[in-house]
Amino acid sequence: MAQKPSIPKGTRDFSPEDIAKRDYIIDIVKKHFKVFGFQPIETPAFENSDTLMGKYGDEGDRLIFKILNSGDFISKVDDVTYSSKDSKSLTPKISDKALRYDLTVPFARYVVMHQNEIDFPFKRYQIQPVWRADRPQKGRFREFYQCDADVVGANSLLQEIELIQLYDAVFTDLKLEGVTIKLNNRKILAGIAEVIDAKNNLVNFTVALDKLDKIGADGVQKEMLAKGISEQSIKKADPLFALSGSNTDQLAVLKKFLADSEQGMSGVEDLEYITNSIDDLGLQSTQLALDVTLARGLNYYTGAIFEVAAPEGVQMGSIGGGGRYDDLTGIFGLKDVSGIGISFGLDRIYLVLEELGLFPEILHKSLEVLCINFGGKESMASLKLANQLRKHGIRADVYPSNAKMQKQMKYANNRNVPYVILIGEKEMMNNSFVVKNMASGEQNTFSLENPAVFFKNL
RNA sequence: GUGGUUGUAGCUCAGCUGGUUAGAGCGCUGGAUUGUGGUUCCAGAGGUCGCCGGUUCGAAACCGGUCUUCCACCCCA
């Protein structure tokens, strides 16, 4: 062998068993997307750079994979830019396309481009890979799948409630118990910043607050101080660090805390309405937990913020996230269209299901029946029988060559085939076939005249 | 992008402070078993020790670089 081939860092091959498991998740997610009235779209793997750049903050820009222009792109760069050795100014001259970074921004672009053919409110789902030039870690890849459901053109809180129920429906169907849907509202965060006099430091404040469960109150306060938030402001925020108890308890505290902030109170009202409605409607297996420290996607979320945490005891970052964005399409020239969406992190859900052993056993059975090949007329009879089985939707195959029985049986065993069929010389003579149950070792003979006797209760 | 970590057979991993021909289990191939897998027994194949360079009489081991793995930070699904 020459040099061993490899794949880029953070990417993966998916083998048949992986695909079976991924399809299992995708099928369930898709099923509920459809049942909730979402319609599928797909967008290109790469977009024009200016569609993506600047939409995810500086950090996001860094993580976007840029695609080099075709042709002799370097000769078209002017000497000043070329010799400046500055990637930031050089990049736009040699690259005008980039790989999709998430599904939300391309969707916003799609809505604006197709606004005249879309019936609003528009509920769309999209399951496609996205790419980030991040450094890989557990559950973090450079190519991974997102499964998004978004509603645009509807700004009632009913959407928030519905999407929480959608999360619940999917995780219940996946038999993944103990998932927590964390809920916050950007208006709450803005209100807090207002009340504690840190309005112009909102992002730094929330990013630091987000780390509360990770680095503790001390760590958060230290970071806030370092980011230029005054000691008085941090002191005023003190009640937040101790916030705990039921959703109702927390809301009561917030109501007092945010009394002087119009925006904050509006956020409290939203959360109150959502949590009350969910209490009313009920959730099957997930739980909804208010979390004022939650601060994701600040670059475009304006209202609700969601984040889905794996069951306790599983070491995994969030397995889903989303929120409301009042003006996402505004950046592409379509004003006043409110949107809200959630995302399922397929690859992380996969890892969680794997860790908890929640994939159904049936996924391992890629083939239900294998016919042993005895060559000649016998193999033709097997092929005929296999075709009859296939017509009834049974996954059946004939071993492709007249190899040793031992080898064929071993193949069936390794592939987890539950039934092996033998049609040899003996069986040909009396027009029959033998079925071996691989789990029990039991063998039964059936007539080739009426194979349905065998397969009717498969 | 910053700091650390890992890489030895198809897989999981041993391999001592540098010393002859680099090991195990599982898997694979063949046989015991010419119509029976999964259990058992016997035999066998399979490695430029991630890659490039350096130190040394001698490197899987030490040093430098590079790629990769995983982890923390940043950020995120």
Side-chain angles (χ1 to χ4, degrees), chain A residues 1-12 15 25 29 56-64 87 101-104 127-148 203 207-208 210-211 214-215 219 223 227 294-299 306-310 315-323 341-352 370-375 378 399 402-428 433-443 445:
Chain A
M1 211 194 306
Q3 217 149 20
K4 275 184 190 163
S6 64
I7 56 175
K9 171 176 20 180
T11 65
R12 296 147 301 158
S15 295
I25 300 172
V29 170
Y56 310 98
D58 286 348
E59 186 68 18
D61 283 357
R62 206 196 78 210
L63 297 177
I64 290 173
S87 332
Y101 178 87
D102 75 351
L103 300 179
T104 308
I127 299 173
Q128 287 190 281
V130 302
W131 295 270
R132 297 184 187 177
D134 210 347
R135 198 175 280 207
Q137 273 180 46
K138 182 180 183 183
R140 176 183 279 192
F141 308 98
R142 301 214 291 182
E143 176 182 65
F144 64 97
Y145 274 69
Q146 289 190 330
C147 315
D148 276 28
V203 172
V207 166
D210 191 44
K211 294 175 190 163
K214 207 167 181 180
I215 58 178
E223 176 162 338
K227 287 282 163 68
L294 183 60
R296 291 307 169 93
L298 282 172
N299 287 298
F306 302 113
E307 181 169 299
V308 182
Q315 283 293 72
M316 182 61 64
S318 56
I319 57 176
I342 57 170
S343 180
F344 291 83
L346 170 63
D347 303 271
R348 287 189 176 175
I349 293 170
Y350 180 106
L351 291 172
V352 171
L370 179 74
C371 300
I372 298 293
N373 186 328
F374 287 90
E378 287 85 351
Y399 195 87
N402 179 9
K404 274 185 159 176
M405 165 101 77
Q406 195 172 320
K407 192 180 168 77
Q408 300 190 42
M409 290 298 281
K410 200 163 188 173
Y411 176 81
N413 191 59
N414 289 347
R415 279 203 57 185
N416 263 305
V417 180
Y419 297 101
V420 165
I421 286 179
L422 299 96
I423 304 178
E425 203 179 342
K426 256 191 290 183
E427 288 74 21
M428 285 298 280
F433 64 99
V434 168
V435 175
K436 172 162 183 154
N437 180 323
M438 293 295 278
S440 65
E442 203 184 341
Q443 298 195 168
T445 305

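In what follows, chains are A, B, ... by sequence order, proteins preceding strands, each numbered from 1. As the structure is a computational prediction, the values presented were derived from the model and not from experiment.
- In this view, Arg142(A) satisfies the side-chain hydrogen bond (donor to acceptor under 3.5 Å, both in side chains) rule with no residue, not counting sequence neighbours.
- Annotation: salt bridge (charged side-chain N to carboxylate O under 4.0 Å, His left out) contacts of Arg12(A) (sequence neighbours excluded): Asp347(A).
- For G35(B), the base has a donor-acceptor partner in the side chain of Glu427(A) [N/O atoms by modelled type, under 3.5 angstrom].
- No hydrogens or angles were tested; on distance alone, nothing pairs the side chain of Asn413(A) with the base of G38(B) as donor and acceptor under 3.5 Å.
- Consecutive pairing runs in RNA chain B reach the stem threshold at B:1-4 with B:70-73, B:10-13 with B:23-26, B:28-32 with B:40-44, B:50-54 with B:62-66, where a stem means at least three Watson-Crick or G-U wobble pairs with distances under 3.5 Å.
- Listed by chain and number, the residues in a salt bridge (charged side-chain N to carboxylate O under 4.0 Å, His left out) with Asp102(A) amount to none (sequence neighbours excluded).
- A search for side-chain contact (heavy atoms from CB on, under 4.5 Å) contacts involving Asp61(A) returns Met53(A), Ile64(A), not counting sequence neighbours.
- A search for salt bridge (charged side-chain N to carboxylate O under 4.0 Å, His left out) contacts involving Arg135(A) returns nothing, not counting sequence neighbours.
- Side-chain atoms of Lys9(A) stay outside donor-acceptor range of the base of U68(B), with no qualifying N/O pair under 3.5 Å.
- Taking atom CZ on Arg142(A) and atom P on C76(B), their separation rounds to 18 Å, with Å as the unit.
- With sequence neighbours left out, Ser440(A) forms a side-chain contact (heavy atoms from CB on, under 4.5 Å) with Asn437(A), Glu442(A).
- Residues satisfying the side-chain contact (heavy atoms from CB on, under 4.5 Å) test with Ala208(A), not counting sequence neighbours, are Val220(A), Glu223(A), Met224(A).
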Pairs under 3.5 angstrom, nitrogen or oxygen only, protein versus nucleotides 26-28 of chain B, please.
{"residue": "C28(B)", "atom": "OP1", "partner": "Asn414(A)", "partner atom": "ND2", "Å": "3.4"}

Which parts of nucleotides 1-7 of chain B does protein reach within less than 4.0 Å, heavy atoms only, written one letter per nucleotide 5' to 3' as B for base, S for sugar-phosphate only and - for none?
BBB----
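- Residue side chain Gln443(A) reaches the base of U36(B) through a donor-acceptor N/O pair under 3.5 Å, judged by distance alone.
- By the side-chain contact (heavy atoms from CB on, under 4.5 Å) test, Glu143(A) is found to be paired with Thr11(A), Pro129(A), Trp131(A), residues two or more places apart in sequence or in another chain being considered.
- A 4.5 Å side-chain heavy-atom check between Ser318(A) and Val308(A) finds every atom pair outside the cut-off.
- A search for ring-ring contact (aromatic ring centres under 6.0 Å, His included) contacts involving Tyr419(A) returns Phe454(A), not counting sequence neighbours.
- When the options Val420(A), Leu370(A), Asn414(A) are evaluated for a side chain to side chain contact (heavy atoms under 4.5 Å, CB included) with Met409(A), the one that passes is Val420(A).
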